Amino acid sequence: MGKKLSGKDLIKLGFPKNNSINVTLGQINRYQKRVKKEKILIEAKKVLLNPEAYKGDGVWGKIAESLLDPVNVTKQKLNTHRAPFQIYGENEIDDQAKYQLFDALKLPISVAGALMPDAHVGYGLPIGGVLATKNAVIPYGVGVDIGCRMCLTIYPVKVSYLKGKKHQLENILLEHTKFGMYETHKIKHDDPIFERDEFKTIPLVKRLKDKAYKQLGTSGGGNHFVEFGVISILDINNEWDLPLGDYLGVLSHSGSRGLGANIAKRYTYLATKQCPLPKHVQHLAWLDLNTHDGQEYWLAMNLAGDYARACHDNIHKRISKLLGEKPIVKIDNHHNFAWKQEVNGEECIVHRKGATPAKKGELGIIPGSMTAPGFIVRGLGNTKSLQSASHGAGRVLSRRQCKTTLTQSAIKKELQNHDVSLIGGGIDEAPMAYKNIETVMKNQQELVEVIGKFTPKIVRMDR
DNA sequence: ATGTGC
């Protein structure tokens, strides 16, 4: 009732008639909804008089920045030329995914790009896309599931265990992994990550802390899984001096749950507001890393990545305890993330949206499907791929196509043929929905070398 | 991938 803060109030206070008004109203509306107008105006005046002192503040930092350095939101144009790029396994990649990369390579911030052999169409950057940019980060270049990653632990246990204790292992997955949107652990688990400053200093992240707490160690849905299988070590020069042969392995694939999803959503929205692009590429909107929002996204993205790691660690720790065995090897890697990395001698932001980092000697995991093997790989540091490799086999059938062309009985038969037992798993995650992983691996021999193989035997997914 | 707060 006339109590709501308006632009006029701010002008009366002495605010300049530029975008600082909009920024201020936006921040207040978002984070100070329940604070009295009088109180807000007193604080706003202080910020107006000394914006320098408020730089970095969760709520007022962005306002201070808009006062110090008013931004002109100008429509960005695409270049007519493309930044240099490389495509791996081109024959296996559909044209739409290539066109998406080509568009991304025309952004004025783009330095170089690559397409991995499992690439397919996504929002903004294609899945399997790698893009290096100059001092800017594209939230949709990372993807909605920030820090989506793999984690593998290997146990010094005979593989006959998989058959002999099949029922017990199935029970571990059924009772002690959590899938789907709402399923959480009955007992709350803790983790040092919740002491991180970002949970206090970034208002959005603060609001997500409770949710993150509840979801720690859960897997979510989609293509996420936790599975037991056979690890075959194939490289005698492996980094753990393991004799060649078979071991019990636990492999997990999941990300940062609601925390990362909400961070992605918010900063994508902010990016599209600040960086208007032609309609067909609007999802490639970026945040300048010198701005408040850009820096905040970087911190929030890194937090979401670390949270995703904490989730996997929680899963593996609990399973290890239930097995009564300590892992002798642990390998893990993000495949939806952005890193600072040198490209052609200058520091760039390298986005990998469904791509495995593959610096020289860097270890990673490339999963196949629930019936096809995954691979433990060692990066070869190929600069043409921006030191990256595929993050899996890649889809051949869309989720919709799966539902219309596949049957439950065909999936059941496929699982039986490979001696795989499945708990959960929808028709859209059928093994037939994925490309042949052997072909994908062949198409990236210049990018990674294989150390070992993972053959899934007991798989748990959402349903 | 997530889930109803721009």
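Convention: sequence-line order gives letters A, B, ...; per-chain numbering from 1. Treat the numbers as computed from the prediction; the structure is a model and nothing was measured.
- Position along DNA chain B of the nearest nucleotide to A:Cys148 versus A:Lys265 favours A:Cys148 as the more 5'-ward residue.
- The existence of a salt bridge linking A:Arg257 and A:Asp145 is excluded, since no basic side-chain nitrogen approaches an acidic carboxylate oxygen closer than 4.0 Å.
- The distance between atom CG of A:Leu25 and atom C1' of B:dG5, rounded to the nearest whole Å, is 17 Å.
- Comparing B:dT2, B:dC6, B:dG5 by their closest approach to the side chain of A:Arg207 singles out B:dG5.
- Look at A:Arg196 and A:Glu198 and you find a salt bridge, because one of the NZ, NE, NH1 or NH2 atoms lies within 4.0 Å of a carboxylate O, short of that distance.
- Of the candidates B:dT4, B:dT2, B:dC6, B:dT4 carries the atom nearest the A:Tyr182 side chain, counting heavy atoms from C-beta on.
- Rounded to whole Å, atom P of B:dT2 lies 8 Å from atom CG of A:Asp462.
- Among the protein residues, A:Gln215 comes within range of the sugar-phosphate backbone only, with heavy atoms under 4.0 Å from sugar or phosphate atoms but none that close to a base.
- The CZ atom of A:Arg266 sits 8 Å away from the P atom of B:dC6 (whole-angstrom rounding).
- Between the CD1 atom of A:Ile146 and the P atom of B:dT2 there is a distance of 13 Å, given to the nearest Å.
- Between A:Asp9 and A:Lys37 there is a salt bridge, with a side-chain nitrogen of the basic residue lying less than 4.0 Å from a carboxylate oxygen of the acidic one.
- A:His316 and A:Thr153 form a side-chain donor-acceptor contact under 3.5 Å, judged by distance and modelled atom types alone.
- Spacing between atom CG of A:Asn336 and atom P of B:dT2 amounts to 11 Å, rounded to whole angstrom units.
- Which of B:dT2, B:dT4, B:dG5 sits closest to the side chain of A:Lys211 comes down to B:dT4.
- Atom pair A:Tyr140:OH and B:dT2:P shows a separation of 14 Å (rounding to whole Å applied).
- The nearest whole Å value for the distance from the CG atom in A:Asn262 to the P atom in B:dT4 is 7 Å.
- Within the 4.5 Å cutoff, the side chain of A:Cys311 has no heavy atoms near those of the A:Thr218 side chain.
- In this structure, A:Gly26 and A:His224 both approach DNA chain B, and ranking their closest nucleotides by distance from the 5' end singles out A:His224.
- Between A:Asp145 atom CG and B:dT2 atom P there is a gap of 6 Å when expressed in whole angstrom units.
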